Structure formats: structure tokens, C-alpha cells
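Just so it is clear, the structure is predicted and the values come from calculations on it, not from any experiment. As a basis for the values below, the full set of heavy atoms in this structure was taken, side chains included, without hydrogen atoms, waters or symmetry mates. Numbering starts at 1 and runs along the sequence shown.
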Amino acid sequence: MSAPTASSVSDAAAALSGNLQLAPLRTLDDFVLGSARFQLPNLKDFDKWGNRVVKNLLYYQTNYILLFLVIYALMIVCNPTKILSGLIVQALIIAVIWQFFSSKSKPSFIASRLTGGNANAAEQNAQQKWYILAGALIGGYLFLHLISAVLLTAFTLLLPVSVTFIHASLRLRNMKNKLANTIESFGPSTPMGALLDALNVRAEGVIN
């Protein structure tokens with residue numbers, strides 16, 4: 001079997017994106033105002049609670065995406081310098097960790113010598129370790145020096161996620177919600193549906 005080419009990979013990605021369809025934007029009245037009904041979930045019944053969260057995530061997904069963008073944009077406008085600094089530090093730390101584990105998965109110098117490697121591989125391996133050490137030291141210093149910015153960046157990401165989860169947990173589903181979930185389950189996949197499928201999260205039944 002021939003290896004997939006770049007064009008075939010791009011065609012597959014285009015086909016996947018073409019199959020995704022954004023759910024309709026629900027009205028403000030349905031989302032939080034007059035017709036919206038809220039109730040604390042039964043904390044002892046995790047299955048029913050999780051089913052409500054998943055169904056609401058699917059039904060209000062466009063509202064949640066818009067809510068996430070609005071909250072994130074407001075936080076950036078209020079603290080642009082700190083959030084930008086925090087993002088840079090987090091990106092540096094993630095890059096160092098990624099590089100460390102990716103270098104761990106590569107064959108060692110002895111193994112490369114046994115398979116016909118040369119001294120250049122050892123030199124590159126040693127240089128890479130120094131780069132990782134330097135990146136870890138710089139990342140650690142920046143993390144301690146800019147810890148407030150890093151925490152603010154994490155809070156900026158977690159705040160809209162928490163608001164979304166709280167709303168999905170408290171919002172009672174009406175008949176329109178249930179019928180829409182049933183109809184959309186037979187239609188094209190949505191971004192939230194694709195994300196939940198990737199996380200192997202399923203709701204029980206279609207009308208439940």
C-alpha cells in the first residue's frame with residue numbers, strides 16, 4: 001500500500017471540514033432570558049447530569065463559541081500585556097517539554113552506532129540536550145518572574161470554559177431542545193459533535 005501523499009491528506013482534511021456544519025445560533029431568550037429555565041442537577045446521578053451537559057453543549061454550541069470569544073476578547077483588552085507575556089511563557093514551556101519527550105523517543109547514540117550512525121549524530125544529540133537545558137532554564141526563570149501573567153492567562157482560558165460548563169449543567173432542556181438534538185443527530189456533524197466524538201463522550205439516547 002502506497003504512503004499517503006500531501007495532496008491526499010489535504011483532500012481528506014477538506015472533506016472532513018466540508019462535512020462539519022455549525023449549529024444555529026439560539027436566541028438570547030432561549031439561552032438565558034425569559035423562556036430559559038435553570039435548576040441544579042442531581043449531583044448523585046452523574047449519568048443524568050452528564051447527559052444534560054452533553055445535550056446542552058450540542059444544542060447551544062454556537063452560543064458557547066460566541067460566549068468564549070467575547071469573554072476571551074474582553075480579558076485580552078483589559079490585560080493585553082500580561083496575557084501576551086503569559087502566552088509566550090506557556091508556549092516556551094510547552095515547546096521545551098515537547099522537545100524533551102520527542103528527543104527521548106529518538107534512538108540513543110549507541111543504538112545509532114550499531115545501526116551505522118556516525119559522530120554527527122552524537123554531536124547533534126549533545127547540542128540538542130544543551131538547547132533543551134537552556135530552554136528549561138529560561139522558561140523556569142520567566143515562569144517565576146511572570147507567574148502572575150501565566151496564572152492570568154490560565155484564568156482567561158478557564159473562565160469561559162467554566163461559564164459554559166455551569167450553564168450546560170443548570171439549563172433545563174425543553175421540548176425544542178430535545179427535538180433539535182434528535183433532528184441534528186441525523187444531519188451533518190457539528191464542531192462540538194466532532195470534539196465530543198474525539199473525546200469518546202456520548203449522550204444516552206436521543207430524546208432523553
- [ ] Report whether Val32 and Ile166 are members of the same hydrophobic cluster (ILVMFWY, side-chain heavy atoms less than 4.5 Å apart, transitive linking).
- [x] no
- [ ] Please report the C-alpha distance between Leu151 and Ile147 in whole Å, then the side-chain angles of each, then the deciding distance to 0.1 Å, and finally whether the side-chain contact (heavy atoms from CB on, under 4.5 Å) criterion is met.
- [x] CA-CA 6 Å; Leu151 292 177; Ile147 188 169; 4.2 Å; yes
TODO: Using the test side chain to side chain contact (heavy atoms under 4.5 Å, CB included), find all partners of Val53 that sit at least two apart in sequence or belong to another chain.
DONE: Trp49, Leu57, Phe165, Ala168, Ser169
TODO: For Ser148, check side chain to side chain contact (heavy atoms under 4.5 Å, CB included) against everything at least two apart and list the hits.
DONE: Lys82
Task: Counterpart residues, ring-ring contact (aromatic ring centres under 6.0 Å, His included), relative to Phe155 (two or more places apart) - done: none
Task: Exercise: identify the closest heavy-atom pair between Gln39 and Leu172 - done: OE1-CD2, 3.6 Å
TODO: Using the test side chain to side chain contact (heavy atoms under 4.5 Å, CB included), find all partners of Leu25 that sit at least two apart in sequence or belong to another chain.
DONE: Thr62, Asn63, Leu66
Open item on the list: Is there a path of hydrophobic side-chain contacts, each under 4.5 Å between heavy atoms of I/L/V/M/F/W/Y residues, joining Leu157 to Ile94?
Closed with: no
Task: Shortest non-hydrogen separation from Leu170 to Pro41 and the atoms involved - done: CD2-CD, 3.9 Å
Open item on the list: Please determine whether residues Val77 and Leu152 belong to a single hydrophobic cluster, defined as Ile, Leu, Val, Met, Phe, Trp and Tyr linked transitively by side-chain heavy-atom distances below 4.5 Å.
Closed with: no
Task: same_hphob_cluster(Phe46, Leu196) at 4.5 Å side-chain heavy-atom cutoff - done: yes
TODO: Apply side-chain contact (heavy atoms from CB on, under 4.5 Å) to Met192 and Ile65, showing your working.
DONE: CA-CA 10 Å; Met192 183 64 71; Ile65 292 173; 5.7 Å; no
Task: Note, Thr156 side chain near Tyr72 side chain (heavy atom, < 4.5 Å) - done: yes
- [ ] Report yes or no: is the cationic atom of Arg26 (NZ for Lys, CZ for Arg) under 6.0 Å from the centre of the six-membered ring of Tyr59, at an angle within 45° of the ring normal?
- [x] yes
- [ ] Would you please name every residue forming a side chain to side chain contact (heavy atoms under 4.5 Å, CB included) with Val163, sequence neighbours left out?
- [x] Leu67, Ile71, Leu159
Task: N-O pairing of Arg37 and Asp30 below 4.0 Å - done: no
TODO: Kindly compute the distance separating CG (Asn79) from CG (Leu74), expressed to the nearest 0.5 Å.
DONE: 11.0 Å
Open item on the list: Please check: side-chain N/O of Gln61 versus main-chain N/O of Leu58, any donor-acceptor pairing under 3.5 Å?
Closed with: yes
Open item on the list: Suppose we screen for side chain to side chain donor-acceptor pair (under 3.5 Å). Which residues come up paired with Tyr64, at least two apart in sequence or across chains?
Closed with: His167
Task: Same apolar cluster: Leu40 and Leu43, side chain cutoff 4.5 Å - done: no
- [ ] Measure the spacing between CD1 of Ile83 and CD1 of Ile88 and express it to the nearest 0.5 Å.
- [x] 12.5 Å
